Amino acid sequence: MEVFLKVNNAFKSIKETKLSGLRPASEFFDVQRISKPADMNQATSRISYNTRYFSGNYLLIVALLAVYSLITNYLLLLSLIFLVGGFAAINKFAPEATQVGEHTITQKHLYTILFVIGIPLFWWAGPFATVFSILIGSAILILAHAALLEPGVESDYATIQDTV
């Protein structure tokens, strides 16, 4: 239960810091402001400004890609459920050693069995390919959006405000 409270607090802090700056979809998908940058300097300045301005939206894109990748990779989802569920079950139902016939089964034995089954299953699911596909897919989407979307009028005032 303590772990769930920590995870819940972590999500609340992310929501308060990153997702509080979530911009409306009408602003994020404003097709009137899409244009090809004139040169690399303009593209770089657009990327710099838009990644800060739309950071909450970009975090949401990465999270959605991660959820999609996890849902479409059934074996990875199954192996994660097996490992996390195994840890939770061992901690909840087997905190003390249990006597089965002549054998004493401790948490250490249960964790060993969990690792012997879970880690090869997890490895076989291809977590590295999934992580790299999330990273590459989100990088392409974010960089393309940030480079093609012209900053709004407020970007001119942001540079004035920074110098004051």
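None of the values given here were measured: they were computed from a predicted structure. Computed over heavy atoms, backbone and side chain alike; hydrogens, waters and symmetry mates excluded.
- Contact annotation: the side chain of L148 never approaches that of S35 to less than 4.5 Å [non-hydrogen atoms, C-beta and beyond].
- The distance from atom OG of S138 to atom CG of L143, rounded to the nearest 0.5 Å, is 9.0 Å.
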Criterion side chain to side chain contact (heavy atoms under 4.5 Å, CB included) on L22 and L59, from CA distance to verdict: CA-CA 9 Å; L22 200 62; L59 181 66; over 6 Å; no
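- A97 approaches T106 most closely through the heavy-atom pair CB-CG2, 3.9 Å.
- Annotation: the span from L110 atom CG to I90 atom CD1 amounts to 5.0 Å, rounded to 0.5 Å.
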Side chain to side chain contact (heavy atoms under 4.5 Å, CB included) between L60 and F28, intermediate numbers included: CA-CA 12 Å; L60 188 62; F28 187 72; over 6 Å; no
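- If you take NE2 on H145 and CG on N50, they are separated by 7.0 Å, rounding to the nearest 0.5 Å.
- I142 and V67 fall into different hydrophobic clusters, defined by Ile, Leu, Val, Met, Phe, Trp and Tyr side-chain heavy atoms under 4.5 Å apart, directly or through other members.
- Scanning all heavy atoms of the two residues, the minimum distance from L83 to G118 falls at CD2-CA, 3.7 Å.
- There is no path of hydrophobic side-chain contacts, each under 4.5 Å, that joins V131 to I119.
- At least one side-chain heavy atom of L70 sits less than 4.5 Å from a side-chain heavy atom of L76.
- For the atom pair L78 CG and N73 CG, the distance stands at 10.0 Å (nearest 0.5 Å).
- Two residues are said to be in side-chain contact when any heavy atoms from C-beta on lie closer than 4.5 Å; V62 and L135 fail this criterion.
- With sequence neighbours left out, the ring pair (Phe, Tyr, Trp, His ring centres under 6.0 Å) criterion links F82 to no other residue.
- Side-chain contact of E27 with Y53: a donor-acceptor pair under 3.5 Å is present, judged by distance alone.
- S69 places a side-chain N or O within 3.5 Å of a backbone atom of L65 that can act as its donor or acceptor partner.
- A distance of 8.0 Å separates CG of N57 from CZ of R23, quoted to the nearest 0.5 Å.
- Under the 4.5 Å side-chain heavy-atom criterion for Ile, Leu, Val, Met, Phe, Trp and Tyr, I117 and L77 are members of the same hydrophobic cluster.
- Taken from OG1 in T72 to OH in Y74, the straight-line distance is 7.5 Å, to the nearest 0.5 Å.
- No donor-acceptor distance shorter than 3.5 angstrom exists from the side chain of T104 to the backbone of V100, with no hydrogens or angles considered.
- Judged purely by atom type and a 3.5 angstrom limit, Q99 uses its side chain to pair as donor or acceptor with the backbone of G101.
- Every residue was checked against the ring pair (Phe, Tyr, Trp, His ring centres under 6.0 Å) condition with W124, not counting sequence neighbours, and none meets it.
- Taken together through direct or relayed side-chain contacts under 4.5 Å among Ile, Leu, Val, Met, Phe, Trp and Tyr, F122 and L114 form part of one hydrophobic cluster.
- Residues passing the ring pair (Phe, Tyr, Trp, His ring centres under 6.0 Å) test with F87 are Y111, F115, sequence neighbours excluded.
- Looking at every heavy atom in both residues, Y49 comes nearest to P151 through CD2-CB, 3.5 Å.
- Cluster membership check: L80 does not share its hydrophobic cluster with V116, using side-chain heavy-atom separations under 4.5 Å among Ile, Leu, Val, Met, Phe, Trp and Tyr.
- No hydrogens or angles considered: nothing links the side chains of R46 and T51 as a donor-acceptor pair under 3.5 Å.
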